[in-house]
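Read the structure below first, then the notes.
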Protein chains: 2
Amino acid sequence: MRLTAKSEYGLLAMIDLACRIDQGPVSAREISDRQGIPAKYLEQLFVGLRKAGLVGAVRGAHGGFALERPATDITVLDVVEALEGSLRPTVCDGDRAAVCGRGDACAAAGVWDRATSAVREVLDSTTLASLARAQEVLDESGAARGPVER
Amino acid sequence: MRLTAKSEYGLLAMIDLACRIDQGPVSAREISDRQGIPAKYLEQLFVGLRKAGLVGAVRGAHGGFALERPATDITVLDVVEALEGSLRPTVCDGDRAAVCGRGDACAAAGVWDRATSAVREVLDSTTLASLARAQEVLDESGAARGPVER
DNA sequence: TGAAATCATACTGTTTTGGTAAGGATTCCA
DNA sequence: TGGAATCCTTACCAAAACAGTATGATTTCA
């Protein structure tokens, strides 16, 4: 169970797309500028997102990416697993269970499973739509107070 | 937020200790044999556990380690944080929040926070006492069915 | 055709991980 | 008193993961 920059960048990019669903394809370059994500790195992330069926790509000039499903049907878990692989316990999974020589008869394994399930539940119950809406509200109130300090 | 072999090994060792509270100090060597943990690596882990006040050490021949508090007062979170440091989101924490240039005005940050809180809650609501008890039950039923296959 | 954009693959410097090595310090027991 | 057992400390190391960069091919529009 690991959450790295891939998840962070990927989620920012997906929220960005969700905020612009009716504007046609959005280029990776545009998103990388807006979100402060290294351009070439973001390109790689979009490969994963596309292969997972979360975004569609339009190649060539004026191309870009767009959500392939409604934002209400894409969860944060979808994004994370597209980029980081299946979200399993990093400890005591698969072969590692053999470490303690107990297999199923290991009391510790249950704790890691419950922790992973708890994360999955949080990520799976949050949709891109709700995050995009929240971000728009934040942007509006921020704009009302003036530009963001950097 | 990362759970590595340190947490897995450390928790196994602590459960081992909790199952032997009334037997005086238990040596690292003994635990490493029983749990299949590299001996010298386990020694390092005990340094962290001792500095966190979770175990007490007795040096010299017939020395070893013992729980410093009742097993009912030690949670899995205590063990994990003693070994891995404070359990915070690995994404969008501290300086990383500056990545998106939004600071507090970032909708994504809330998701990572909720995920981390969910893990903390699971780990903090599980005590060594309950795990030790569960392990003893598993060991008994396993012993009744014969030796564990390896 | 040329610019804009995705797609694919390979490379790289840094950090983390999961140990190992070597020896020192302390305590018990014969 | 001298081992032997045990914890303590520090240093070292190889492999993997991470966070990008680099290069170039391919596709599309104007």
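Each chain gets a letter, A, B and so on, in the order the sequences are listed, and its residues count up from 1.
In this structure, the nucleotide among D/dC18, C/dC7, D/dC7 sitting nearest to the side chain of A/Ala57 is C/dC7. Listed candidates were D/dA22, C/dT6, C/dA8. Nearest to the side chain of A/Gln44 is D/dA22. Closest to the side chain of B/Ser27, out of C/dT20, C/dC7, D/dC7, is D/dC7. For A/Lys51, whose side chain is taken as the heavy atoms from C-beta onward, the closest listed nucleotide among C/dA8, C/dT6, C/dG19 is C/dA8.
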Nucleotide by nucleotide, 5' to 3', does protein get under 4.0 Å of the base (B), only the sugar-phosphate (S), or neither (-) in nucleotides 23-28 of chain C, counting heavy atoms? BBBBBS
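Within 4.0 Å of A/Phe46, counting heavy atoms only, lies no atom of the nucleic acid at all.
For B/Leu45 and D/dC8, the CG to P distance is 13 Å, given to the nearest whole Å. Put simply, CD on A/Glu8 is 15 Å from C1' on D/dG20, counting in whole angstrom units. Protein atom CG of A/Leu42 is 13 Å distant from nucleotide atom C1' of D/dA19, rounded to whole Å. Distance, B/Phe65 CZ to D/dT6 P: 11 Å, rounded to whole Å. Between the OH atom of A/Tyr41 and the P atom of C/dT6 there is a distance of 18 Å, rounded to whole Å.
Taking 4.0 angstrom as the limit, B/Arg29 places none of its side-chain polar atoms (N or O) nearer than this to OP1 or OP2 of D/dA5. At D/dC18, one or more side-chain N or O atoms of A/Arg2 fall inside 4.0 Å of OP1 or OP2 (strictly under the cut-off). The side chain of A/Tyr9 contributes an N or O atom lying less than 4.0 Å from OP1 or OP2 of D/dG20. Here B/Thr4 does not reach the OP1 or OP2 of C/dT16: none of its side-chain N or O atoms lies under 4.0 Å away.
Interface residues of residues 77-87 of chain A facing DNA chain D, ordered by number: none; criterion, heavy-atom separation under 4.0 Å.
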Pair B/Ile31-B/Phe46, side chain to side chain contact (heavy atoms under 4.5 Å, CB included): steps then yes or no: CA-CA 11 Å; B/Ile31 296 176; B/Phe46 269 121; 3.8 Å; yes
